[in-house]
Protein chains: 2
Amino acid sequence: MTTPPPGLRERKKQATREALREAALRLAVERGPDQVRVEDIAEAAGVSPRTYNNYFASREQAIVSAVTADREARIAAAVAARPAGVHLADAVTEAVVEQYTNTSEREREALLLITTRTALRDAFLDATAGIEPPLTAVIAERLGEAGAHTARVLAASVAAVVRIALEGWLRPAGNAGAAGSFGAGGLLVPSGSLPDQLRAALAPLAPAFDAAERRTRP
Amino acid sequence: MTTPPPGLRERKKQATREALREAALRLAVERGPDQVRVEDIAEAAGVSPRTYNNYFASREQAIVSAVTADREARIAAAVAARPAGVHLADAVTEAVVEQYTNTSEREREALLLITTRTALRDAFLDATAGIEPPLTAVIAERLGEAGAHTARVLAASVAAVVRIALEGWLRPAGNAGAAGSFGAGGLLVPSGSLPDQLRAALAPLAPAFDAAERRTRP
DNA sequence: CAGGGAAATTGCGTGCACGCAAGTTTGCGC
DNA sequence: GCGCAAACTTGCGTGCACGCAATTTCCCTG
């Protein structure tokens, strides 16, 4: 139903994509992120620099995608895997937490690297937007035809909120951002563990999920 | 409490910023967006091309910001203006609708231009993220100290959802996006009026607002 | 298994974003 | 007024993203 047979063309494309990801990350770790030019990555992956840009729109994207690659698909799968009985809100929250917690050694190393450069951090955060489409699909499946529109909204919210959580998490101390017009109370969760951050951030959305669920299952 | 006296330095900076915005939009309208180089904009505003990039990170940003400039501040103000009695959800929804509906003639002309180029469309959509910080501030004000964290989450969700609505709105027909794995039902709201789109998109978030409001006002 | 049409790769050229290190302006305390 | 430190501007150089058009690679059909 999903994979007739991929065909050589598609397989080669995926192989190239992965080779680029891999090369980008490896080189970045070896030499430091600023000592890697796209030319190097392309060469290491055996393609022309121009082709590199057919796969990734920026140098940062390639490096970051080595970490975020299939998180999207895995989150969707993780939601789908939860029994249909549990609250949607819980299913989504746990699926997200799970996927951002099961980190391989290599992944942690990469994250360490990513935090050192603002451009990489931004690319990493932007990548969270990628979970939206698959999330939309699985949520829509649970809500049924009538809730397709709501699903999109909820998925977008989740993506935005996950981004917030990650943002807050990998902010060590350096700040001075655009927070601006706040009172005097800067005593908010400085930086807990990632799972906690994620759960806390997603919690306020739960009522929206519950309401949506209630509407389509009388 | 907010503006001691701006000082010459700051005023000059704002003037330059506005000059650049203005020049960018004007030239883009006159000649078409692709016939405007950064050099032209900078020259028209009386600064060096290098300085241009100290104000805007991309050519598109300058053009788009002529439209989105102070929407951020206005939305926050519009929320704050609503009487404290009304539901937060309603206050936010109406404030947003209001700000995206009061369009000047020049603004509509610009939007027409923006829709013609993908890069501009993307920049325009990205700009909606700018409403998040001020929204966070006003929502936090209504929720009180304890809800500061929730405010951030809700604001981010609103921003994400507004983006969705705009996206759906200025998509004429061309699509083939990354929607991907959907069943067979592609019969979702093709493209209503903008206010309707916004209201419909924000509706599913209402329960989250209500719950937040209930938690901090027993 | 041959050939045609579609998809992917590549080189080239253009404009752009941005770090860096002067040069210039503004604000402020004396 | 005077001068100094911080903020802003500018020119230069580098690497990069991407449109375009020519070429190569793959898949499908007869």
For F56(A), report the nucleic acid contact type (base, sugar-phosphate, nothing); a contact means any heavy atom under 4.0 Å.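 The residue F56(A) makes no contact with any strand.
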Figure out the [atom1]/[atom2] separation between [X] and [N], and round it to whole Å.
X       : N       : atom1 : atom2 : value
N53(B)  : dC16(D) : CG    : P     : 17 Å
R11(A)  : dA8(C)  : CZ    : C1'   : 16 Å
R117(B) : dG19(D) : CZ    : P     : 12 Å
Y52(B)  : dC16(C) : OH    : C1'   : 10 Å
N54(A)  : dC18(D) : CG    : P     : 10 Å
I41(B)  : dG15(C) : CD1   : C1'   : 12 Å
E10(B)  : dC8(D)  : CD    : P     : 7 Å
Q61(B)  : dC16(C) : CD    : P     : 14 Å

Do the charged groups of E167(B) and R152(A) touch, with an N to O distance under 4.0 Å?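 Yes, this pair counts.
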Give the C-alpha distance, both sets of side-chain angles, the deciding distance and a yes or no for salt bridge (Lys or Arg N to Asp or Glu O under 4.0 Å) between R106(A) and E22(A). CA-CA 11 Å; R106(A) 180 161 132 297; E22(A) 223 48 50; 3.1 Å; yes
Just by distance, no angles: are the side chains of T51(A) and S48(A) close enough, under 3.5 Å, to form a donor-acceptor pair?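 Result is yes, a qualifying pair exists.
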With a 3.5 Å cut-off and no angle check, do the side chains of R163(B) and T128(B) form a donor-acceptor pair?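 No pair is found: no donor N or O on one side chain lies under 3.5 Å from an acceptor on the other.
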Where the side chain of V47(B) is concerned, which of dC18(D), dT10(C), dT10(D) is the nearest nucleotide?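 Output: dT10(D).
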Looking at dT10(D), dC18(C), dC16(C), which one has an atom nearest to any side-chain atom of A57(B)?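 So the side chain of A57(B) is nearest to dC18(C).
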Between [N] and [X], is there an OP1 or OP2 to side-chain N/O distance shorter than 4.0 Å?
X      : N       : value
K13(A) : dA8(C)  : yes
K12(A) : dT25(D) : no
S48(A) : dT9(C)  : no
Y55(B) : dC8(D)  : no

Does R37(A) get its side chain close enough to the base of dG15(D), under 3.5 Å, for a donor-acceptor pair?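 By the distance-only test, no, there is no pair.
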Is there a side chain to side chain contact (heavy atoms under 4.5 Å, CB included) between F56(A) and R17(A) once you walk through the steps? CA-CA 9 Å; F56(A) 298 100; R17(A) 173 169 269 109; 4.1 Å; yes
Of E39(A) and R50(A), whose closest DNA chain D nucleotide lies nearer the 5' terminus?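 Checking each residue's closest nucleotide, the 5'-ward one belongs to E39(A).
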